[in-house]
A.B. asks: 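Below is one structure. I have some questions about it.
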Amino acid sequence: MNTLDFDPSKLGTKDHWDQRYAQELINFRENRFEGEVWFGEEPEEKMVEWAQTHVPPQSSPNILDIGSGNGHLLFAMVEAGYDASRLTGIDYSQGSVDLSASIGKQRELDDANDENAYGSVVFATCDFLDARSPIPSPKDQNTSDCAWDLILDKGTYDAISLMDNDAQGNAPLDKYPPRVAALLKPGGHFLITSCNFTEDELKERFAMPVFGLEYEDSIPYRKFTFGGKTGSSYATVAFTKQSVSSG
């Protein structure tokens, strides 16, 4: 698979995120500051709205957020009516998991009307690119493979693109699409938001027969023109896993 050449960055290192979330956990415990919404409010709101239309809460979907950070996207899903016990966030930084779990528990304590079970969202440490790193099985399932109705990514694929190649010279980014495809149910959806990749570039990397993923939809953003080129700050694209043919 062809990949764009990005120079390695600290944003692609585990050490950076471990340090960042350790500090954010201190900030939360001392000041109740939950941390920033990655990419801002607009992409997150658009992702939740897309999910409500295509994978509605009433269908009781099992949802996985890859690189869940401070958990804000999943908490927004809870507020949109999704069953918190069917929401799972994974991150390779233990600090991220500690922070998001702490925020969830505190939000639930602060919810005087008990409207949102923030504390029931599952957060777990997992290196998504390592198939040996276990992902918690979703509710009512005994495996995480072919088990998820919706998989979310907001910025994690971007961070992976900034990692160094492995010892064999392979780009970590290339491990990502087949891993997503293996986890999705047939007919399941993958919704990704990126600021490093355009819509066409994401289609090129994910909508491939070998993965069984097809382009489904994209979310529009305001466009701007700079240097004679027109584009958007973000690309949010949805893919669906092909259903098993009965023939």
Side-chain angles (χ1 to χ4, degrees), residues 37-39 42-91 100 104 116-118 120-124 126 128-129 134-158 160 176-194 197 199 202-203 205-208 211-220 234-244:
V37 180
W38 200 246
F39 292 168
E42 183 185 15
E44 180 170 284
E45 291 172 357
K46 286 179 176 288
M47 292 180 77
V48 173
E49 289 170 0
W50 187 95
Q52 288 177 298
T53 299
H54 296 84
V55 193
Q58 295 82 358
S59 64
S60 300
N62 289 314
I63 299 174
L64 176 68
D65 184 15
I66 302 170
S68 48
N70 61 11
H72 202 277
L73 177 56
L74 290 179
F75 296 141
M77 297 291 283
V78 173
E79 292 168 358
Y82 288 89
D83 180 349
S85 67
R86 292 185 179 275
L87 306 180
T88 299
I90 57 172
D91 203 290
S100 52
N116 298 305
Y118 298 107
S120 296
V121 179
V122 177
F123 293 103
C126 172
F128 182 72
L129 298 181
I135 296 174
S137 299
K139 192 171 183 178
D140 302 329
Q141 302 287 331
N142 57 14
T143 178
S144 62
D145 292 335
C146 294
W148 300 94
D149 299 286
L150 174 63
I151 296 179
L152 303 170
D153 180 320
K154 182 160 65 72
T156 300
Y157 189 67
D158 288 358
I160 292 172
Y176 188 107
R179 183 82 160 122
V180 166
L183 293 171
L184 276 177
K185 281 182 178 179
H189 309 268
F190 172 54
L191 184 64
I192 179 172
T193 295
S194 170
F197 298 90
E199 177 180 330
L202 290 172
K203 289 178 182 178
R205 285 156 177 75
F206 288 94
M208 299 181 66
F211 303 140
L213 297 176
E214 297 178 334
Y215 168 73
E216 180 178 7
D217 195 12
S218 61
I219 296 176
Y234 312 104
T236 299
V237 185
F239 302 89
T240 188
K241 184 174 179 179
Q242 297 172 1
S243 297
V244 177

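Sequential numbering from 1 along the given sequence is applied to the chain's residues. Quick caveat: nothing in here was measured; it's all calculated off a predicted structure.
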A.B. asks: Check whether any side-chain heavy atom of Q242 lies under 4.5 Å from a side-chain heavy atom of E214, and answer yes or no.
C.D. replies: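 In short, these two side chains touch, coming nearer than 4.5 Å.
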
A.B. asks: Rounded at 0.5 Å granularity, tell me how far CD in E44 sits from CD in E49.
C.D. replies: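 E44 CD to E49 CD: 11.0 Å, rounded to 0.5 Å.
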
A.B. asks: Any chance you could lay out the side-chain contact (heavy atoms from CB on, under 4.5 Å) test for E79 and Y118, step after step, and finish with the verdict?
C.D. replies: CA-CA 9 Å; E79 292 168 358; Y118 298 107; 2.7 Å; yes

A.B. asks: Does the side chain of I192 reach to within under 4.5 Å of the side chain of F206, using non-hydrogen atoms?
C.D. replies: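 Yes, side chains in contact.
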
A.B. asks: For the residue pair P43 and T193, establish whether any side-chain heavy-atom pair is separated by less than 4.5 Å.
C.D. replies: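 Result yes, sub-4.5 Å side-chain heavy-atom pair found.
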
A.B. asks: Backbone N or O of D153 within a donor-acceptor pair of the T156 side chain at under 3.5 Å?
C.D. replies: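 Not confirmed, T156 side chain does not pair with D153 backbone.
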
A.B. asks: Measure across S68 and F123 and return the closest heavy-atom pair with its distance rounded to 0.1 Å.
C.D. replies: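 It is OG-CD2, 3.9 Å.
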
A.B. asks: Just verifying a value: how many Å separate T240 OG1 and D217 CG, rounded to the nearest 0.5 Å?
C.D. replies: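 Going from OG1 on T240 over to CG on D217, the span is 11.0 Å.
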
A.B. asks: Look at the aromatic rings of Y234 and F39 and report parallel, tilted or perpendicular, splitting at 30° and 60°.
C.D. replies: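 Y234 vs F39 ring planes: tilted.
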
A.B. asks: Please tabulate, one pair per line, all N/O donor-acceptor pairs under 3.5 Å involving side-chain atoms of residues 140-148, not counting sequence neighbours.
C.D. replies:
{"from": "D140", "atom 1": "OD2", "to": "R86", "atom 2": "NH2", "distance (Å)": "2.6"}
{"from": "T143", "atom 1": "OG1", "to": "D145", "atom 2": "N", "distance (Å)": "3.2"}
{"from": "W148", "atom 1": "NE1", "to": "S144", "atom 2": "O", "distance (Å)": "3.2"}

A.B. asks: For the side chain of Y157 and the backbone of F197, is there at least one donor-acceptor N/O pair under 3.5 Å apart?
C.D. replies: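 Answer holds: no.
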
A.B. asks: Can you find a pair of side-chain heavy atoms, one from V237 and one from R205, that are under 4.5 Å apart?
C.D. replies: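 No, too far: nothing below the 4.5 Å cut-off.
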
A.B. asks: Which heavy-atom pair separates L64 from I135 by the least distance, and what is that distance?
C.D. replies: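 It is CD1-CG2, 4.2 Å.
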
A.B. asks: Hey, mind stepping through D83 and S60 against side-chain contact (heavy atoms from CB on, under 4.5 Å) and telling me if it holds?
C.D. replies: CA-CA 7 Å; D83 180 349; S60 300; 5.7 Å; no

A.B. asks: If we ignore hydrogens and angles and just use 3.5 Å, is the side chain of Y82 paired with the main-chain N or O of Q52 as donor and acceptor?
C.D. replies: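 Looks like yes, one N/O pair under 3.5 Å.
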
A.B. asks: Could you tell me which non-hydrogen atom of L191 sits nearest to which non-hydrogen atom of A238, and how far apart they are?
C.D. replies: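 So the minimum-distance heavy-atom pair works out to CD1-CB, 3.8 Å.
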
A.B. asks: Roughly how far apart are I90 CD1 and S100 OG, rounded to 0.5 Å?
C.D. replies: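 One gets 12.0 Å once the value is rounded to the nearest 0.5 Å.
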
A.B. asks: Given side chains that start at C-beta, do those of M77 and V48 come closer than 4.5 Å, heavy atoms only?
C.D. replies: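 Yes. Closest side-chain heavy atoms under 4.5 Å.
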
A.B. asks: Are the side chains of I66 and C126 in touch, meaning some heavy atoms are under 4.5 Å apart?
C.D. replies: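 No, their side chains stay 4.5 Å or more apart.
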
A.B. asks: Where do P186 and S243 come nearest, in terms of heavy atoms and distance?
C.D. replies: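 Of all heavy-atom pairs spanning P186 and S243, the closest is CB-CA, 3.8 Å.
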
A.B. asks: So, does R179 use its side chain to make a donor-acceptor pair with the main chain of F128 at under 3.5 Å?
C.D. replies: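 Yes, because the side chain of R179 sits within donor-acceptor range (under 3.5 Å) of the backbone of F128.
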
A.B. asks: If only atom types and distance count, is the side chain of S218 paired as donor or acceptor with the main-chain N or O of T236 below 3.5 Å?
C.D. replies: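 No, S218 side chain to T236 backbone: no donor-acceptor pair under 3.5 Å.
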
A.B. asks: Ring-plane angle category for Y176 and F190, please: parallel below 30°, perpendicular beyond 60°, tilted otherwise.
C.D. replies: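 Tilted.
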
A.B. asks: Once side chain to side chain contact (heavy atoms under 4.5 Å, CB included) is applied, do any residues pair with E45, and if so which ones, sequence neighbours excluded?
C.D. replies: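 Once residues adjacent in sequence are excluded, the partners of E45 under the side chain to side chain contact (heavy atoms under 4.5 Å, CB included) criterion are E41.
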
A.B. asks: If every non-hydrogen atom of V180 is compared with every non-hydrogen atom of I151, which pair is closest and at what distance?
C.D. replies: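 Heavy-atom minimum between the residues: O-CD1, 3.9 Å.
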
A.B. asks: Taking all non-hydrogen atoms of both residues, which atom of S194 and which atom of L202 are closest, and how far apart?
C.D. replies: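 Looks like CB-CD1, 4.1 Å.
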
A.B. asks: About how many Å separate CG of D65 and CG of L150, when rounded to the nearest 0.5 Å?
C.D. replies: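 Here the rounded value is 9.5 Å.
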
A.B. asks: Can any side-chain N or O of K154 pair as donor or acceptor with the backbone N or O of W38 at less than 3.5 Å?
C.D. replies: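 Such a contact is found between K154 side chain and W38 backbone.
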
A.B. asks: Measure the CD1-CD distance between I219 and E199 for me, rounded to the nearest 0.5 Å.
C.D. replies: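 So the gap between those two atoms works out to 10.5 Å.
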
A.B. asks: Can you tell me how far apart NE2 (H189) and CG (L152) are? Round to the nearest 0.5 Å.
C.D. replies: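 CG of L152 is found 11.5 Å from NE2 of H189.
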
